[in-house]
Peer 1: 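The structure follows.
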2 protein chains.
Amino acid sequence: MTTNARKPESDILAAMHETVSGLHRIGLVDQATMRSFDVMCLTTVESLSPAEIRALREREQVSQPVFARYLNVRKDAVSKWERGEKRPDGPSLKLLNLVRAKGLKAIA
Amino acid sequence: MTTNARKPESDILAAMHETVSGLHRIGLVDQATMRSFDVMCLTTVESLSPAEIRALREREQVSQPVFARYLNVRKDAVSKWERGEKRPDGPSLKLLNLVRAKGLKAIA
DNA sequence: CTATTATGTAGCTCTTAGAGCTATAGAAAT
DNA sequence: ATTTCTATAGCTCTAAGAGCTACATAATAG
C-alpha cells in the first residue's frame with residue numbers, strides 16, 4: 001500500500017481488525033503494532049458539498065426532519081447544510097460519510 | 001410495541017426497513033406511513049457520563065488519539081469528555097451510542 | 001372545496017462544542 | 001539514557017448547532 005486506499009472495504013477491515021486484535025489479545029501482536037494498525041485502518045473522512053448532502057438524503061428517501069433525527073441534529077441543521085449556509089465537520093461529517101458508504105441503516 | 005424498545009435489534013430493524021421501503025417502492029405503502037415508520041425506527045440517543053465514555057473506549061482497547069480519529073474529533077475533545085470538562089451531544093453523542101451498541105468496527 | 005399536515009426556507013439570537021495551540025509529566029518501549 | 005506515546009492542563013477563538021418564529025408550498029384528508 002502506498003498512501004491511503006480510496007474505498008476501504010469495511011467488511012474486510014472489520015475482519016482484519018477482529019483478527020489482529022485477537023492476535024493482540026493472545027500476545028502475538030504488541031501494543032505499538034496494534035496502535036498503528038488501528039490508525040492505518042481508519043477511513044478518510046471527506047467533506048461533502050451541499051449538493052452531495054442533498055443527493056445523499058434523497059438517495060435514502062427521507063425528509064430533512066427524518067434525516068436529521070438519524071444524525072441526531074436538528075432539522076434546521078440539515079437544511080442549512082443543503083443550502084450551504086453551514087458546513088458540517090467533525091462528528092457530523094463522519095456520520096454523513098458513514099451514511100454515504102453504508103446507507104442509513106448503518107447508523108440506525 | 002408500546003413505546004420504544006430498549007435495545008433495538010438493528011439487524012431486524014434493517015431488514016424491516018428494507019422490506020417496508022420495498023413495499024413503498026411498489027406502491028403498497030404510502031409516503032405518510034413510510035415517514036412515520038422511519039421515525040418510529042430511530043434508536044434513542046442516550047447521553048453518556050464521563051466514566052461511561054472512558055469505559056467504552058477502554059472496552060474498545062484504543063487510546064484517546066485513536067478513539068478520536070474514529071469519531072473524527074480531536075484528541076483533546078475525547079480527553080475533555082472523559083474528565084467531564086465537555087459534554088458530547090448531537091452528532092458526537094450519536095457516534096458514541098453507535099460504538100456502544102455495535103463496536104468501533106461499525107463506524108470504521 | 002376547504003382544512004389539515006408536513007415539508008423546506010428564512011431570519012434571527014445564543015450557547016458551547018470542538019478546533020487548535022503549547023506545555024507538562026508519566027509510562028512504556030528501544 | 002532517550003525517544004515515543006499518552007493523558008492533562010490551560011488558554012483563545014471560530015462557527016456549528018440549538019432553539020425559536022414565521023411563511024410558502026404541496027400533498028393529503030375530510
Side-chain angles (χ1 to χ4, degrees), chain A residues 24 27-40 42 45 47-97 99 107, chain B residues 24 27-40 42 45 47-97 99 107:
Chain A
H24 171 238
L28 284 180
V29 163
D30 61 286
Q31 287 220 341
T33 307
M34 195 61 214
R35 255 184 278 121
S36 42
F37 173 78
D38 273 324
V39 174
M40 198 184 73
L42 292 171
V45 175
S47 83
L48 299 175
S49 72
E52 285 172 322
I53 296 173
R54 170 157 294 167
L56 180 56
R57 176 177 64 82
E58 285 170 349
R59 189 191 77 187
E60 300 294 328
Q61 314 239 39
V62 290
S63 66
Q64 287 179 356
V66 170
F67 197 57
R69 291 204 48 180
Y70 270 98
L71 304 169
N72 204 31
V73 297
R74 303 297 151 208
K75 66 183 171 65
D76 310 72
V78 174
S79 175
K80 284 164 187 168
W81 293 344
E82 294 187 358
R83 283 175 294 115
E85 192 180 323
K86 294 281 172 73
R87 311 277 308 182
D89 67 344
S92 39
L93 194 56
K94 172 72 185 189
L95 281 168
L96 288 170
N97 273 256
V99 173
I107 67 164
Chain B
H24 170 238
L28 285 181
V29 164
D30 60 287
Q31 287 221 341
T33 307
M34 196 60 214
R35 254 183 279 121
S36 41
F37 174 77
D38 273 324
V39 174
M40 199 184 70
L42 292 171
V45 175
S47 84
L48 299 176
S49 72
E52 285 173 322
I53 297 173
R54 171 157 292 166
L56 180 55
R57 176 178 62 83
E58 284 170 349
R59 188 192 77 187
E60 299 294 328
Q61 314 239 41
V62 290
S63 66
Q64 287 178 357
V66 170
F67 198 56
R69 290 203 49 179
Y70 271 98
L71 304 170
N72 204 32
V73 298
R74 302 299 150 207
K75 65 185 170 64
D76 311 71
V78 174
S79 174
K80 283 164 187 168
W81 294 344
E82 294 187 358
R83 283 176 294 114
E85 191 180 323
K86 295 282 172 72
R87 311 277 308 184
D89 68 343
S92 38
L93 195 56
K94 172 73 185 189
L95 280 169
L96 289 170
N97 273 257
V99 173
I107 67 165

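We name chains A, B, ... by the order of the sequence lines, and we start the count at 1 in each one. Here the structure is a predicted model, which means the values were calculated and not measured.
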Peer 1: Would you mind reporting whether B:Gln64 and B:Arg54 have side-chain heavy atoms less than 4.5 Å apart?
Peer 2: yes

Peer 1: May I have the distance from B:Phe67 (atom CZ) to D:dC5 (atom C1'), rounded to whole angstrom?
Peer 2: 18 Å

Peer 1: Measuring only between side-chain heavy atoms, which start at C-beta, is A:Arg59 closer than 4.5 Å to A:Leu56?
Peer 2: yes

Peer 1: Between B:Lys80 and B:Lys75, which is nearer to the 5' end of DNA chain C once each is assigned its nearest nucleotide?
Peer 2: B:Lys80

Peer 1: Return the 5'-most residue of the pair B:Gln64, B:Lys86 with respect to DNA chain D, ranking by each residue's nearest nucleotide.
Peer 2: B:Gln64

Peer 1: What does A:Asp89 touch in the nucleic acid at a heavy-atom separation under 4.0 angstrom: a base, only the sugar-phosphate, or nothing?
Peer 2: sugar-phosphate

Peer 1: Measuring only between side-chain heavy atoms, which start at C-beta, is A:Leu93 closer than 4.5 Å to A:Trp81?
Peer 2: no

Peer 1: Just the rounded figure in Å: distance from P of D:dG10 to CG of B:Asp76.
Peer 2: 14 Å

Peer 1: Quickly work out the B:Leu93 CG to D:dG17 C1' distance and round it to whole Å.
Peer 2: 14 Å

Peer 1: Any side-chain N or O of B:Arg74 under 4.0 Å from OP1/OP2 of D:dA7?
Peer 2: no

Peer 1: Starting at the 5' end of DNA chain D, which residue's closest nucleotide do you reach first, B:Arg83 or A:Pro91?
Peer 2: B:Arg83

Peer 1: Give the angle between the helix axes at the two ends of the helix from C:dC1-D:dG30 to C:dT30-D:dA1, taking five base pairs at each end and rounding to 10°.
Peer 2: 60°

Peer 1: Whole Å only: how far is the CD atom of A:Glu82 from the P atom of C:dG8?
Peer 2: 7 Å

Peer 1: With a 4.5 Å limit on heavy-atom distance, are the side chains of A:Leu71 and B:Pro91 in contact?
Peer 2: no

Peer 1: Under 4.0 Å: is that the gap between some side-chain N or O of A:Ser79 and OP1 or OP2 of C:dA10?
Peer 2: no

Peer 1: So if I take every side-chain heavy atom of A:Val73 and compare against C:dA10, D:dA18, C:dA19, which nucleotide ends up nearest?
Peer 2: D:dA18

Peer 1: To the nearest 0.5 Å, what is the distance between OH (B:Tyr70) and CD1 (B:Ile107)?
Peer 2: 8.0 Å

Peer 1: Which of these passes salt bridge (Lys or Arg N to Asp or Glu O under 4.0 Å) with B:Glu82: B:Arg57, B:Arg87, B:Lys75?
Peer 2: B:Arg57

Peer 1: Does OP1 or OP2 of D:dA16 have a side-chain N or O of A:Trp81 closer than 4.0 Å?
Peer 2: no

Peer 1: Rounding to an integer number of Å, can you tell me how far B:Glu58 CD sits from D:dT6 C1'?
Peer 2: 13 Å

Peer 1: Quick one: does any side-chain atom of A:Lys94 pair with a main-chain N or O of B:Val73 as donor and acceptor, under 3.5 Å?
Peer 2: no

Peer 1: At under 4.0 Å, does any side-chain N or O of B:Arg57 touch on OP1 or OP2 of D:dA7?
Peer 2: yes

Peer 1: Whole Å only: how far is the CG atom of B:Leu95 from the P atom of C:dG18?
Peer 2: 10 Å

Peer 1: With respect to the phosphate group of C:dT9, does any side-chain polar atom (N or O) of A:Arg54 fall under 4.0 Å of OP1 or OP2?
Peer 2: yes

Peer 1: Out of D:dG10, D:dA16, D:dT21, which nucleotide sits closest to the side chain of A:Arg87?
Peer 2: D:dA16

Peer 1: Nearest 0.5 angstrom please: A:Glu52 CD to A:Ser47 OG, how far?
Peer 2: 7.5 Å

Peer 1: What's the closest nucleotide to the B:Ser92 side chain, out of C:dG8, D:dA18, C:dG18?
Peer 2: C:dG18

